[in-house]
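This report refers to the structure that appears directly beneath it.
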There are 2 protein chains.
Amino acid sequence: MPKIVDPVARRRAVAQAVLSVAARHGLEHASLRNVADEAGLAIGSVRHYFADHDELMTFTMRELSRRIGDRIRTHAERLLTPDGRTDRRAATEELLAEFLPLDETRRQESALWLAFTAAAHTRPELRPCAAEMQADLHTLMTRVLHEARCAGGLPGSMDVELESTRLAALLDGLTLQATLLPDRYPPKLLRQVLRRHLDALRAGS
Amino acid sequence: MPKIVDPVARRRAVAQAVLSVAARHGLEHASLRNVADEAGLAIGSVRHYFADHDELMTFTMRELSRRIGDRIRTHAERLLTPDGRTDRRAATEELLAEFLPLDETRRQESALWLAFTAAAHTRPELRPCAAEMQADLHTLMTRVLHEARCAGGLPGSMDVELESTRLAALLDGLTLQATLLPDRYPPKLLRQVLRRHLDALRAGS
DNA sequence: AAAATATTAGCTCGGTCGTGCTATAAAGGC
DNA sequence: GCCTTTATAGCACGACCGAGCTAATATTTT
């Protein structure tokens, strides 16, 4: 038998290389050659783990989605399983703030998310994943608003479905703008806008 | 002298070809060859009007910006120079709705806007234009909210600057989502979300 | 020790790219 | 009619691309 290599770990490492190249030079430069260089592998090695370029891209997008999802889930659990001591309002704000590019890590993730989302427009193989990410966001917004309303934090007259869409759009829009112009949208401003929106929801309209 | 050709018209025609190709197959396929084919010209002809590929791209993005801007300005004038008979509230909603992908034309423009905006992340030459577009959006939101407040349509306690950012983010986010999943975000829903936001602003919070 | 095989490495092909460069065609001034 | 200027057309080069394919390497099991 040959050298034992954990195939999933390798695939993830290669996906990380794709993300690094894409973050630095754009998705269009994430060629097999550049990615192999970035990962410190030969081009043939990369092709051993991915059938073709498309599979590499779809896997990488799912990897990005998984990474963001993991980060969100951590906060979501804290919110959805309150231990009594946690401030629901603050926990909600923290959860939603997790989507915003508040530090360099999340700024880079946001930029990558935007790149893949835009690419999904003309690359059919990426569309399912992009659609899933958007659906997941909407679902999470619905859960958050629904539970907040049940807990009495939001008025019962609220249209949860509509407000979920509005909240999701606000987060996506803020992320888009802050990713493009980080200087004009410092973390403080982003949190301020989010807080304002939550306050408005709380007040009923 | 040679055959007389209006150079600006030609440049715009070529830019239109870029937009067509980009809308159909993505910005990365807007090569000189594909664009020349789309425009019905030889590759050399295209290069006669554009020094290099970068200039073609920057010009096309500005052209797109100009086209969207023109459409907006038409509505903006109607709102900012009211003739007494116009309903300010409805005119405002119409103006803001002009940003949303409510029909096929605007859906395509939105997709192109998104593609260029995403590309601006890693293409320095596109950044100034992207930044301008975003700044213009914010400025317009500020004007609309400011005038609406002066006209008594919005509470005086409102933080215009903050609400402008929030409104701009909402529009960008809605556009992003509706462009990616047109089926899930039909025009009716988009207008509903916009109306809800304006109602909330009106109610003071 | 040897055989088996997952892994790595790299050559080759056809294709597309931007761009430098040259050649032809058209049209108004002399 | 000729000449200058502008527009159009297209060849040629080097670079990069994805993918098919083969060979070498390394390591665990037999």
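Here is the naming used below: chain letters follow the sequence lines, and residue numbers restart at 1 for every chain.
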Gap between atoms NE2 and P, on A:H25 and D:dC16 respectively (whole Å): 13 Å

N or O in side chain of B:H48 less than 4.0 angstrom from D:dT8 OP1/OP2: no

Spacing between B:F50 atom CZ and D:dA7 atom P, to the nearest angstrom: 13 Å

Pair B:Q16, B:R67: side-chain N/O donor-acceptor within cut-off below 3.5 Å: yes

Worked verdict on A:L170 versus A:F99 for side chain to side chain contact (heavy atoms under 4.5 Å, CB included): CA-CA 11 Å; A:L170 181 76; A:F99 285 96; over 6 Å; no

A:A30 or A:G44, whichever maps to the more 5' nucleotide of DNA chain D: A:A30

Separation of atom CD in B:E28 from atom C1' in C:dG18, rounded to whole Å: 16 Å

Proximity to the side chain of A:H53 - top-ranked nucleotide from D:dA9, C:dT8, D:dA19: D:dA19

Set of side-chain hydrogen bond (donor to acceptor under 3.5 Å, both in side chains) partners for B:R11, sequence neighbours left out: B:E55

A:E94 and A:H75 side chains, donor-acceptor separation under 3.5 Å: no

No-H, no-angle donor-acceptor pair, B:R47 side chain to D:dG10 base, under 3.5 Å: no

Phosphate OP1/OP2 of C:dC17 contacted by B:S31 side-chain N/O (<4.0 Å): yes

Residue pairs passing the ring-ring contact (aromatic ring centres under 6.0 Å, His included) test where at least one lies in residues 54-74 of chain B, sequence neighbours excluded: B:F50-B:F59

Test ring-ring contact (aromatic ring centres under 6.0 Å, His included) applied to B:Y185 - qualifying residues, sequence neighbours left out: none

side-chain N/O B:S45 vs D:dA9 OP1/OP2, d < 4.0 Å: yes

Whole-Å distance separating the NE2 atom of B:H29 from the C1' atom of C:dT16: 10 Å

D:dT8 OP1/OP2 closer than 4.0 Å to side-chain N/O of B:Y49: yes

OP1 or OP2 of D:dA7 under 4.0 Å from side-chain N/O of B:R10: no

Basic-acidic side-chain contact under 4.0 Å: B:R106, B:D103: yes

Within residues 32-43 of chain A, residues whose heavy atoms come under 4.0 Å of DNA chain D: A:L32, A:R33, A:N34

Rounded (10°) bend between the five-pair end axes of the helix from C:dA1-D:dT30 to C:dC30-D:dG1: 10°

Whole angstrom value for the distance that separates P of C:dC17 from CG of B:L27: 13 Å

Between D:dG20 (P) and A:D52 (CG): distance, integer Å: 8 Å

Between B:T179 and A:H121: side-chain donor-acceptor atoms closer than 3.5 Å: no

Qualifying residues under side-chain hydrogen bond (donor to acceptor under 3.5 Å, both in side chains), relative to A:E109, sequence neighbours excluded: A:R71

